[in-house]
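Residue numbering restarts at 1 for every chain, and letters A, B, ... go by the order of the sequence lines.
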2 protein chains.
Amino acid sequence: MAKRSIPDIVIGRLPVYLRALSFLVAEGRQITSSQELGDRLGISSAQIRKDLSHFGEFGKQGTGYEINFLHDQLRQILKVDRMWEVALVGAGNLGKAIADYAGFAGKGFVITSIFDTDGTKIGTRMGIENVAVMDVSALGQTIRDREISVGIIATPAEHAQGVARTMVDAGIRAILNYAPITITVPSNVRVQYIDPVVGLQRMTYYL
Amino acid sequence: MAKRSIPDIVIGRLPVYLRALSFLVAEGRQITSSQELGDRLGISSAQIRKDLSHFGEFGKQGTGYEINFLHDQLRQILKVDRMWEVALVGAGNLGKAIADYAGFAGKGFVITSIFDTDGTKIGTRMGIENVAVMDVSALGQTIRDREISVGIIATPAEHAQGVARTMVDAGIRAILNYAPITITVPSNVRVQYIDPVVGLQRMTYYL
DNA sequence: TAGATTGTTAATCGATTAACAATC
DNA sequence: TAGATTGTTAATCGATTAACAATC
C-alpha cells in the first residue's frame, strides 16, 4: 500500500509531523501515539494514522509509534535524510536573514550560493556558509555546475519571474518563493510561497 | 447570498487574488476576467468565480471585472482597507528583517511595537516605524493599552508558546508565527505559520 | 489476560469542475 | 445583433472522520 500517487495535501503535512517528532526526540521520549501527536498539532488522530498508512506500517497496535524510528522514516520519505544544496537569489535584508537563518541546520538544507545584482553586495561574504555573493549572471551556470535542485527567491516581485525562469532552465526543480507574486513554472517544478502579507490577510477577515 | 460561513479555504485564496489585482492596478489596467486571473494564478476560472460568488456579484456578463472595483471590494472583505497595528516579538536577525520589511506598506499592517528579552537590544530603535525595542515583560500591557489585535512571533521555538499565551491573554486574535513549532491557542484566535524548512520539505519528496 | 492503539474500511463531508442560462 | 463572460447549478471528485477488527 505505498508509493502510488500520494495526495499533495498529505505530503504537505509530513514536514509538520517530522517537526513534532524532532521535538519529541529532543525531549528524549521513546514512544508516542497518533493521539498525542494529534493533540500537539491540532489534527485528528485518525488523520495522522491515515496519512502515515500511505507509506507503510510504522506503529504497533496497543503501543503506538517508536519516535526515533518514525522520525527516521519520515526523513527518508521526505528525502531530507541528506543535504540539499540551495541557491539563494537576493541578498537584501530578507536574503541576508535567510542566509543567516540557523534553522536549516540538520533539516536537510544548506545555502551554498548567493546571488544579487547590486555591485556593492557582490563579493561580500554572507550566511551560515560565509559564501561570497555572486552576480546573478552566474546563476544558471552555477546551478548547472553544482547540479543544484533547490532555489530560494528573495528578490523584489518584478524580478521573481525572470529568476525563476533562469533557475528552471538550469535544472532547479523546487523553488521557495519569498517574492510577493505568483510565478509560472513548468508542471514538473514545485513552488512554495512565503508571503507574510498573505498570511496576515488570511486572518483579518475573522477579526 | 453573502456572509454566512464562508469556507476557510476560500478566505485563504482571497489575499492571493488581491495581490494579483494590485499588480493589475499598478499596470494601469481597467478590466480583467476570471480567465485571465486564473491563468496568472494557476487556478481555474470557475474556482475564482465561485469563490467571489460567496461575497456578492462583482462582475458583468460578457465583460468581466472592473479591476479597481474588485480590488476595493476584496480589501473591504478582508478588512485590509484600514491599518492594523502589529506587535512583533523577537528582535533577532529574523525579527529585524520583518520589522524592516517594506512589503507591509499599503497592505493593511504596520509594526508599531517590538519586544525582546535581550537587554542589549532593548531601547535600540528598529523597523520601518523606528520604534524602540521593549522588554517582553511589557508585551501584555502594551497590547491591552493600544488594543492591538495582530501579533507576530519571531522568537526561538522554545519561547513561542509562552509568547502566544501572553498575546492571547492580552487580547490578540491573530498570530503570524515564524517560530518552527505548532502553538496552541483558543479556537477564537487565528494562527498562520511561516516556516521555510516546512516549505522546502514539502518539495523534496518530489525530487 | 485486559487494555490500548494501530491500520483500514465505509460513510460522511466538503471542495472543485463542467456546463450553461442569463445577460452585458 | 453576435460574442463574451458572469453567476450558479449539479455532478464529480477528493479528503476527513468514525468505527472497529486485528493485535501488540
For DNA chain D, the expected dot-bracket line (Watson-Crick or G-U under 3.5 Å, [ ] crossing, | inter-strand) is ..||||||||||||||||||||||
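- Distance from the side chain of B:E57 is smallest for D:dG7 among the nucleotides C:dT8, D:dG7, D:dA15.
- A salt bridge does not link B:R29 to B:E66: none of the charged side-chain nitrogens sits closer than 4.0 Å to a carboxylate oxygen.
- At whole-Å resolution of the value, CD1 in B:I6 and C1' in C:dA15 are 14 Å apart.
- Just one residue in the list B:Q30, B:Q35, B:E36 forms a side-chain hydrogen bond (donor to acceptor under 3.5 Å, both in side chains) with B:T32, and that residue is B:E36.
- Atom NZ of B:K50 is separated from atom C1' of C:dA18 by 13 Å (rounded to the nearest Å).
- Contact record, B:K121 with B:G92: CE-CA, 4.1 Å, taken as the closest heavy-atom pair.
- Closest contact between the side chain of A:Q61 and the listed nucleotides D:dC24, D:dT8, D:dA15 involves D:dC24.
- Of the possible polar contacts, one joining the A:R202 side chain to the B:G12 backbone as a donor-acceptor pair under 3.5 Å is found.
- Residues A:N93 and B:Y101 are not in side-chain contact: their nearest non-hydrogen atoms beyond the backbone lie 4.5 Å or more apart.
- Judged by distance alone, the side chain of B:W84 and the main-chain N or O of B:K79 form a donor-acceptor pair under 3.5 Å.
- In this structure, a donor-acceptor pair under 3.5 Å is present between the side chains of B:E85 and B:T112.
- A donor and an acceptor atom, one from each side chain of B:D51 and B:Q47, are nowhere located under 3.5 Å apart.
- The distance between atom NE2 of A:H54 and atom C1' of C:dT6, rounded to the nearest whole Å, is 16 Å.
- Regarding A:I9, its CD1 atom lies at a distance of 14 Å from the C1' atom of D:dT17, rounded to whole Å.
- When the P atom of D:dT17 is taken as reference, atom CG of A:L52 falls 15 Å away, rounded to whole Å.
- Nearer the 5' end of DNA chain D, as judged by each residue's closest nucleotide, is the contact made by B:K60, out of A:G62 and B:K60.
- A:F55 has its CZ atom 17 Å from the P atom of C:dT6, to the nearest Å.
- Proximity of residues 10-49 of chain A to DNA chain C (heavy atom under 4.0 angstrom from any strand atom) is restricted to A:S33, A:S34, A:R49.
- Within the structure, a side-chain polar atom (N or O) of A:Y65 is placed less than 4.0 Å from OP1 or OP2 of C:dG7.
- Between the CG atom of B:D51 and the P atom of D:dT6 there is a distance of 13 Å, rounded to whole Å.
- Inter-residue side-chain proximity for A:T166 and A:D169 is flagged as unmet; no heavy-atom pair is nearer than 4.5 Å.
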